[in-house]
Amino acid sequence: MNRGPFIRGMARYTTAANEGNQRRKKISRGRIIFNISCMALGLIVVAFVLFFDLTEAFLVGAIFLLVLCSIPFTMTIGKDLLMYELEIVINQHRAELPLSFNRKKAICGYILMFAPLYILMMGCFFFPAEGAWVVPYFPIFLYTLLSAVLANHTVSTFEFSTVKYKLIHISLFVLIFVGGLILRGTLLENWISNIH
């Protein structure tokens with residue numbers, strides 16, 4: 001029997017399960033310099049806005065950028081939570097040990113990975129133009145569907161119910177599509193016509 005994968009797997013599991021070890025790598029000097037530069041640039045922009053009294057325009061842009069940047073940030077946190085627990089579970093499977101992992105962190109990882117995509121899909125129905133919701137909706141729908149399919153193997157690795165996983169995604173797809181069409185056809189129709 002080849003013991004190499006087993007030994008490497010147990011070494012990774014010991015590292016992942018050891019509370020004294022850090023989960024992330026140390027931040028590189030290049031990234032620190034980049035972050036300081038961005039912070040300085042941000043402070044310059046804030047000073048410029050305050051000096052020329054452009055507060056309202058700045059707030060609208062800041063909120064938009066904050067929402068936009070929070071999507072990959074949230075999804076990355078979810079992916080990291082999921083992969084951390086998945087690494088532990090994979091090594092437990094290799095060692096034929098009973099599964100012992102943080103279920104809440106794993107489920108929270110799934111939620112943080114998929115919630116921004118579903119919120120974006122619902123947000124497409126608020127585009128203030130006739131039929132404009134279709135343009136961003138289908139790429140986001142396809143990306144979400146592909147992500148759900150690619151993450152399907154992790155569900156069986158955690159020994160969660162794959163049937164429930166599929167039903168949750170199908171239900172969300174249907175609810176968002178039907179709910180978005182109903183919302184757009186009733187409440188948003190007058191709002192869109194008033195804009196034009």
Any donor and acceptor pair, going by atom type alone, linking the side chain of H93 with main-chain N or O of T157 inside 3.5 Å? yes
Rounded to the nearest 0.5 angstrom, the CG-NZ distance for L81 and K104 is 14.0 Å
Examine distances only and state if a side-chain atom of S161 and a backbone atom of K164 form a donor-acceptor pair shorter than 3.5 Å.
-> yes
By side chain to side chain donor-acceptor pair (under 3.5 Å), T154 pairs with (sequence neighbours left out) Y110
Shared hydrophobic cluster for L120 and I168 (ILVMFWY, side-chain gaps under 4.5 Å):
yes
Applied to residues 36-46, the side-chain hydrogen bond (donor to acceptor under 3.5 Å, both in side chains) test, sequence neighbours excluded, yields none
The ring-ring contact (aromatic ring centres under 6.0 Å, His included) partner of Y137 among Y143, F125, F126 is F125
Show every donor-acceptor pair shorter than 3.5 Å between a side-chain atom in residues 65-72 and any protein atom, with sequence neighbours excluded, or say none if there are none.
| unit_1 | atom_1 | unit_2 | atom_2 | d |
| --- | --- | --- | --- | --- |
| S70 | OG | L66 | O | 3.4 |
| S70 | OG | V67 | O | 2.7 |

For F173, the ring pair (Phe, Tyr, Trp, His ring centres under 6.0 Å) test, sequence neighbours excluded, returns Y118, F141
Original post:
Would you say E85's side chain and N102's backbone share a donor-acceptor pair under 3.5 angstrom?
Top reply: yes
Sequence neighbours excluded, the answer for ring pair (Phe, Tyr, Trp, His ring centres under 6.0 Å) partners of F158 is F101, F160
Residue set satisfying side-chain contact (heavy atoms from CB on, under 4.5 Å) with F73, at least two apart, ordered chain then number -> I77
